[in-house]
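Below, chain A is the first sequence line, B the second, and so on; all start at residue 1. Atom set for the values below is all heavy atoms of this structure, side chains included, hydrogens, waters and symmetry mates excluded.
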Amino acid sequence: MRVTQLFTKTSKNAPADEVAKNAQLLIRAGYIYKVMAGVYAYTPLGLRVVENIKKIVREEMNAIGGQELIMTNLQPKEDWEITTRWDDSVVDIWFKTKLKDDTEVGLAWSHEEAIMTMMKNYIKSYKDLPANVYQFQTKLRNEVRAKSGIMRGREFVMKDMYSLSTDADQHETFYQATIAAYKKVYDRLGLGEDTYVTFASGGAFTQFSHEFQTICEAGEDVIYVNREKGIAVNEEVLNDETLSVLGVTRDELTETKSAEVGNIFNFGTEKSEQMGIYYTDENDKKVPIFLGSYGIGITRVMGVIVEKFADDKGIVWPESVAPFKVYLVSIGDVATEADALYDELTSKGIEVLYDDRNERPGAKFADAELLGIPYRVTVSERLIADQKFEFTRRETSETELLTGKDLLDKLS
RNA sequence: CGGGGUGUGGCGCAGUUGAUAGCGCGCUCGGUUUGGGACCGAGAGGUCGAAGGUUUGAGUCCUUUCACCCCGACCA
């Protein structure tokens, strides 16, 4: 992609109506566009990042047997009345609307009831289990107050997965597999080091649920961490009982702010019983299905990555999610050589954003840094004279001069 | 939802005791320039969030309203 073809522009000024670092940088660099409070559009650049994150999540969910589907944003009232969750006093973030004939429908803030209603139609026998389904979906939540840029919006993309199992054992196997898969996801996203499986309040069926919390100053949560033991506890369940169950003492834990990037739940058979989702076992007995629910906030993860890695020059994307791998800068009248390099790199499948504008070097370098592309390659007359390319890493600013061959080796 | 704050060209801002708006960036045209956000010249672009009111006169005062931000509460 050539910069001259991108309709988005970078801006030196941060928007006055955003304080969150992630929103300021993502808007300045042209990844997102603010439509209204807590509602952001994703430009071609932003969409590339979102899709890269989804790709990683998709691969890891598929690896543990998840089957991808896509539910709807319009949901019938009846599905939610069964579990009492249509009631605004039970769920206060509903967007609700009406069809032309006055039928009430809800806009999806979650898909638990929706997916279970659908699965009820298909899952009949123990032979159908276990079944694990997931989707990437836009969730609509009527939050009283949006904040923190794309880390807490009224509309956001979430991966939600649901496991249906015959019993606690089968459920537990998948639950543990999911924890392992999630760890791989956060590793691949570059967040592994600072992401903890965190004990949190668990609802009716289990003592705890597990949250995936990434240490992040901009996060909304407070957790207590012991790095050596790999234990983390959400402050909401930090008490003597929890500490004794986990076998740690209070003074072994360090308080830190964090962002919830994933959350997994064990529903047991509670929801199945409410919704009448039963299977027939080997003895022709009706048994309620064991349910699990597993979420990853895709766009929130994007915000967390910006928050954690950005420096004073701009965004720093991990290579795995970066919209492009290389930012190609031409300086002066070197279009022939720069075009040739662009063609060569792209023909080898390397994603290049080619700054072919008639701009001064400083402007191009500044944009390369603001955009956070992992590698910058510079072509200039004096470099051409030496038959070299300049190769600069965004994260460290480390720079080396490479021959064309060495450059290709580095990038492939 | 409680408290606080802000709305003035695309973005960021300034507008003193009321007299129909100005700066930087960006944009357009011409020229020069090319290793850290270039320079010169010439331009385009806003009725000041909205509605109502006071006044000879309102971006400046009053009322209502909308939007946005922050703190708190809330967060399946």
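In this entry the distance linking CZ of R382(A) with P of G35(B) reads 7 Å, nearest Å. One can place CG of D312(A) at 14 Å from C1' of G36(B), the figure rounded to the nearest angstrom. U34(B) atom C1' lies 9 Å from atom NZ of K364(A), rounded to whole Å. N358(A) has its CG atom 13 Å from the P atom of G31(B), to the nearest Å. Whole-Å rounding puts the R357(A) CZ to U34(B) C1' distance at 14 Å. Atom-to-atom, CD of E18(A) to P of U6(B) comes out at 18 Å; the value is rounded to the nearest Å. Between the CZ atom of R28(A) and the P atom of G37(B) there is a distance of 15 Å, rounded to whole Å. Residue E337(A) contributes atom CD, which lies 16 Å from atom C1' of G35(B) at whole-angstrom precision.
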Please encode protein proximity along nucleotides 21-28 of chain B as a string of B, S and -, counting only heavy-atom distances under 4.0 Å.
---BS---

A correct 5'-to-3' footprint of nucleotides 71-76 of chain B, with B, S and - meaning base, sugar-phosphate only and no protein heavy atom under 4.0 Å, is BBBBBB

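Between the side chain of K364(A) and the main chain of S330(A), a donor-acceptor pair closer than 3.5 Å is present. A distance-only check finds a donor-acceptor pair linking the side chain of R48(A) to the backbone of P323(A) [under 3.5 Å]. Side-chain atoms of R141(A) come within 3.5 Å of backbone atoms of W109(A) as a donor-acceptor pair (strictly under, hydrogens ignored). Here the side chain of N52(A) pairs a donor or acceptor atom with the backbone of A322(A) at under 3.5 angstrom. The backbone N or O of E18(A) lies less than 3.5 Å from a partner atom in the side chain of Q24(A), making a donor-acceptor pair.
Nucleic acid contact for R376(A): base, since at least one base atom lies under 4.0 Å from a heavy atom of the residue.
Between G18(B) and C62(B), the distance separating the two P atoms is 11 Å to the nearest Å. As rounded to the nearest Å, U56(B) and C39(B) have C1' atoms that lie 49 Å from one another. For the C1' atom pair drawn from G59(B) and G49(B), the interatomic distance equals 12 Å after rounding to whole Å. Atom name C1', nucleotides G46(B) and C23(B): the rounded distance is 14 Å, in whole Å. One C1' atom belongs to G5(B), the other to G9(B), and the distance between them is 24 Å to the nearest Å. A gap of 15 Å separates the P atoms of U6(B) and U60(B), to the nearest Å. Here, G10(B) and C48(B) have their P atoms 13 Å apart, quoted to the whole Å. Taking atom P on both nucleotides, A44(B) is separated from G53(B) by 35 Å, rounded to a whole Å.
For the pair K286(A) and Y278(A), the NZ or CZ position fails the cation-pi test of under 6.0 Å to the six-membered ring centre and within 45 degrees of the ring normal. Remark: R300(A) fails to qualify as a cation-pi partner of F156(A) under the 6.0 Å distance and 45° angle criteria applied to the six-membered ring.
Taking the six-membered ring for Trp and thresholds of 30 and 60 degrees, F174(A) and Y294(A) have ring planes more than 60 degrees apart, a perpendicular arrangement. Below 30°, between 30° and 60°, or above 60°: for Y182(A) and F212(A) the angle between ring planes is between 30° and 60°, a tilted geometry. Using the six-membered ring where Trp is involved, F208(A) and F199(A) have ring planes that are perpendicular, over 60° apart on the 30 and 60° scheme.
You'll find the side chain of K21(A) stays beyond 4.5 Å of the side chain of K308(A), heavy atoms only.
Judged purely by distance below 3.5 Å, without hydrogens or angles, the side chains of N13(A) and S11(A) never pair a donor atom with an acceptor atom. Looking at Y134(A) and N62(A), their side chains do bring a donor and an acceptor atom within 3.5 Å of each other.
Taking both residues in full, the closest heavy atoms of D88(A) and K96(A) are given as OD1-NZ, 3.0 Å, listed atom of the first, atom of the second, then distance.
In the set C13(B), C68(B), U33(B), the nucleotide with an atom closest to the side chain of K34(A) is C68(B). For V19(A), whose side chain is taken as the heavy atoms from C-beta onward, the closest listed nucleotide among G35(B), C70(B), G12(B) is C70(B).
Not one side-chain nitrogen or oxygen of R360(A) sits closer than 4.0 Å to the OP1 or OP2 atom of U34(B).
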Which atom pairs, donor and acceptor, lie under 3.5 Å between side-chain atoms of residues 69-78 of chain A and protein residues at least two apart or in another chain?
| unit_1 | atom_1 | unit_2 | atom_2 | d |
| --- | --- | --- | --- | --- |
| T72(A) | OG1 | L74(A) | O | 2.7 |
| Q75(A) | OE1 | W80(A) | NE1 | 2.8 |
| Q75(A) | NE2 | S110(A) | O | 2.9 |
| K77(A) | NZ | E104(A) | OE1 | 3.1 |

Any protein N or O atoms within reach of nucleotides 48-50 of chain B? Criterion: under 3.5 Å, listing atom names and distances.
none

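Interface remark: the E369(A) side chain does form a donor-acceptor pair with the G36(B) base, using a distance-only criterion of under 3.5 Å.
Listed by first and then second residue, the salt bridge (charged side-chain N to carboxylate O under 4.0 Å, His left out) pairs that reach into residues 317-340 of chain A are R2(A)-D339(A), E319(A)-K325(A), sequence neighbours excluded.
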Reading RNA chain B 5' to 3', what string of ( ), [ ], | and . shows its pairs, if Watson-Crick and G-U wobble pairs count only when both distances fall under 3.5 Å?
(((((((..((((.....[..)))).((((((.....)))))).....(((((..]....))))))))))))....

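The nearest heavy atom of RNA chain B to D17(A) and to A366(A) marks one nucleotide each, and the one closer to the 5' end goes with A366(A). In this structure, T378(A) and S11(A) both approach RNA chain B, and ranking their closest nucleotides by distance from the 5' end singles out S11(A).
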